[in-house]
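Everything on this sheet refers to the single structure shown next.
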Number of protein chains: 2
Amino acid sequence: MDLEAVRTFLAVLESGRFGQAADELSITQQAVSKRVAALEKELGVRLLTRTAHGAEATIDGQAFLPHARALLHAEARAIASVRPGSRALRVDVIGRRLAPAALLRTFHRSHPEIELDVVTLFDADAAVAALRSGTIDASFRAVTMPGRHLPEDIGALPVLDEPIELLTGPAHALASARAVTPARLAGHRIWVPGIVSGTEWAAYYADLAAEFGLTIEVTGPDFGTEPLLDTVADSPELATFVGAGTRLVWPEAHDLRRIPVHGPTPVYPHSLLWSLDNPHPGLLALREHLAAAGTEPSDAAALSGASGTPTASATSATSGPDIWTPSWARQRTRRPAL
Amino acid sequence: MDLEAVRTFLAVLESGRFGQAADELSITQQAVSKRVAALEKELGVRLLTRTAHGAEATIDGQAFLPHARALLHAEARAIASVRPGSRALRVDVIGRRLAPAALLRTFHRSHPEIELDVVTLFDADAAVAALRSGTIDASFRAVTMPGRHLPEDIGALPVLDEPIELLTGPAHALASARAVTPARLAGHRIWVPGIVSGTEWAAYYADLAAEFGLTIEVTGPDFGTEPLLDTVADSPELATFVGAGTRLVWPEAHDLRRIPVHGPTPVYPHSLLWSLDNPHPGLLALREHLAAAGTEPSDAAALSGASGTPTASATSATSGPDIWTPSWARQRTRRPAL
DNA sequence: CCTGCCCCACAACCCGTGGTTGTGGCCTGC
DNA sequence: GCAGGCCACAACCACGGGTTGTGGGGCAGG
């Protein structure tokens with residue numbers, strides 16, 4: 001479908017005349033006629049009735065009208081999403097099925113007026129570079145990278161220590177456990193596809209495996225969540241890790257189990273990074289939202305009870321001292337003023 | 001923006017290779033390259049990074065990605081809205097700012113899976129013809145037309161008697177009245193723009209004016225709700241009629257008043273008409289929704305309290321006997337089984 | 001390290017879509 | 001009945017977007 005034809009259709013309807021629409025679009029009346037005729041031919045229905053006074057919408061044209069507007073709005077938003085300056089707030093998340101993504105959804109709900117685009121960068125180095133160049137506005141990362149610390153012009157706000165939970169099918173040996181220790185996972189196969197080597201997420205799982213003698217397979221491409229859940233649901237030996245802050249849904253028949261891991265609780269320390277120079281108005285709102293969400297217990301409760309299988313891990317882990325993080329993520333950083 | 005280019009961009013991202021996308025789209029690899037390059041040139045940013053292994057999204061490409069999908073979804077819905085057979089449920093309303101439009105909104109909220117298109121036909125004759133031809137699926141109309149009655153293959157369901165309210169600015173002589181009788185409106189100028197002569201809505205106001213000696217000006221084109229409200233808010237003598245079921249919002253400064261009209265209460269008797277042959281699955285859901293909404297007091301309350309200026313007219317009018325309708329709308333019709 | 005392969009971009013060419021001008025038919029209102 | 005709008009059809013033309021052919025650049029394997 002030709003968006004110019006759609007735009008022309010709207011122009012004709014709003015002015016009521018082909019010729020007037022032509023003037024607005026700076027083309028000839030004949031071109032307007034051709035465009036509308038082509039659109040009608042493509043759709044197979046008549047959109048406008050031509051009278052001696054001009055044109056008005058047929059029933060099909062009336063039904064098409066709001067969709068035509070929606071189409072052009074979508075086009076405008078798509079263009080705006082990549083326009084430098086005054087574009088949507090662009091936030092980098094380490095993964096789509098971790099707490100930051102869920103937090104962004106709640107942020108979007110409470111601030112629907114702020115356009116939001118979510119991207120995923122390769123690693124923290126790329127994120128910091130993108131923050132400094134203004135390509136992105138904020139990034140959820142672990143505060144410290146291996147062997148280095150943040151530049152001075154990057155702000156950081158600790159947001160959430162997200163516990164890792166085990167996700168198994170009903171036939172798994174640990175399916176009925178109320179909780180497991182990391183040490184008990186030794187020998188079990190844990191499959192976490194879609195982890196790109198070299199990223200901090202890969203480093204996290206490598207450290208976790210080394211610390212407790214786990215077998216974590218990060219091989220294989222990520223075909224999406226559904227195939228992963230299908231595989232885990234059917235397998236008696238394969239399990240996977242999910243963040244406690246994820247909002248997973250699966251078919252009833254899968255009968256999956258989310259099992260908290262305690263003693264110690266492996267957590268991933270999400271922080272928000274941003275450039276101190278960035279003037280984007282949505283950025284302040286995001287930081288305020290996260291600061292509030294981090295302290296309000298209601299949000300933490302909503303987080304842990306995500307998929308209908310309530311767990312107490314999220315709250316207990318952040319309050320309890322017995323947590324585990326990789327060495328390179330252990331030291332906390334300054335917490336700047338908002 | 002060329003939707004084919006957007007589609008090509010998505011194909012490249014999903015397959016990861018220009019050549020593979022070319023195969024899927026049945027064009028050459030060079031054409032894919034050209035399309036993406038043209039899109040990038042139009043947007044002014046690079047969307048894909050080309051590597052020896054294929055292509056992957058840049059940050060801008062990632063941000064653009066969901067908008068690209070939304071664009072194509074909007075296109076698909078637009079096409080589906082006019083495709084004969086299996087198209088969205090298409091409902092005719094007599095006006096956008098009357099109770100039926102509000103009822104359709106509540107219906108859409110409770111059945112978001114049912115695609116809905118709203119149109120406005122010229123008059124009841126056109127509506128019945130469109131119902132019988134399958135061009136529309138349902139129509140909110142007054143049951144009886146002047147001098148005729150419904151064909152046998154058209155079903156009818158009385159939905160709501162909607163009281164008419166007076167809308168005035170703060171300087172109007174009746175601005176402080178808690179309620180007025182129709183007779184008291186004689187001599188006041190009442191302006192209802194956008195009424196097309198020959199329609200049943202025009203006949204309704206003509207009958208109302210004749211019955212009580214009112215001055216109702218239905219002249220002039222409809223420039224939309226905002227100009228009407230602007231005019232009424234500033235005028236000490238001009239008022240307008242609105243349906244009690246409308247959900248009007250206006251700027252705080254306007255300080256408009258919705259004044260119930262009682263003694264008798266002019267109501268418009270909305271019924272739903274549909275073709276008994278129509279198999280559209282959404283139609284049954286709509287009829288059930290309306291049947292439930294007509295009996296549940298919660299909906300009636302939500303209706304009358306629409307714009308933040310609570311009125312008791314909707315409920316009292318439907319329960320009280322002292323209502324007025326035009327002679328041609330007075331007799332009730334059969335109420336068929338759902 | 002060189003070579004071959006794979007993948008994408010550039011160049012030249014060519015057809016068809018979509019613009020223009022010119023004109024005619026139809027309805028309406030004076 | 002005639003004049004004035006308004007839209008559709010026809011002929012023409014230009015350029016966008018397709019094709020084929022070719023070149024450059026990065027990995028991988030010998």
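As the structure is a prediction and not an experimental result, all values here were calculated from the model. Proteins come first, then strands; the chains are lettered A, B, ... in the order of their sequence lines, and each starts at number 1.
Taking every side-chain heavy atom of A/Q29 into account, D/dC7 is the closest of D/dC7, C/dG19, C/dC8. Taking only side-chain atoms of A/T28, from C-beta outward, the nucleotide of C/dA9, C/dT21, D/dA8 with the closest atom is C/dT21.
When each of A/K34 and A/A52 is assigned the nucleotide of DNA chain D bearing its nearest heavy atom, the one mapping closer to the 5' terminus is A/A52. If you find the closest nucleotide of DNA chain C to B/H53 and to A/R35, the one lying nearer the 5' end belongs to B/H53.
Of all non-hydrogen atoms in B/S275 and B/I154, the two that sit nearest each other are CA-CD1, 4.1 Å. Scanning all heavy atoms of the two residues, the minimum distance from B/F9 to B/G61 falls at CZ-O, 3.7 Å. When all heavy atoms are compared, the tightest approach of B/R87 to B/S81 is CD-O, 3.9 Å.
Here the C1' atom of nucleotide C/dG18 and the CG atom of A/L3 are 16 Å apart, to the nearest Å. Atoms CG (B/L39) and P (D/dG17) sit 11 Å apart, rounded to a whole Å. Straight-line distance from the CD1 atom of B/I27 to the C1' atom of D/dG16: 14 Å, rounded to whole Å. Rounded to whole angstrom, the span from the CG atom of A/L47 across to the P atom of D/dC7 amounts to 15 Å. Rounded to a whole Å, the CG atom of B/L48 is 16 Å from the P atom of C/dC7. Atom pair B/E40:CD and D/dG17:P shows a separation of 15 Å (rounding to whole Å applied). One atom, CZ of B/R7, and another, P of D/dG17, lie 15 Å apart when rounded to the nearest Å. Note: CZ (A/R17) to C1' (C/dT28) measures 12 Å, nearest angstrom.
By the 4.0 Å N-to-carboxylate-O rule, A/R35 lies too far from A/D2 to be salt-bridged with it.
Here B/R50 does not reach the OP1 or OP2 of D/dG25: none of its side-chain N or O atoms lies under 4.0 Å away. Using a 4.0 Å cut-off, no side-chain N or O of A/S33 falls inside it from OP1 or OP2 of D/dC7.
Between the side chain of B/Q30 and the base of D/dG18 there is no donor-acceptor pair of N/O atoms closer than 3.5 Å.
A ring-centre distance under 6.0 Å is not found for A/W191 and A/F241.
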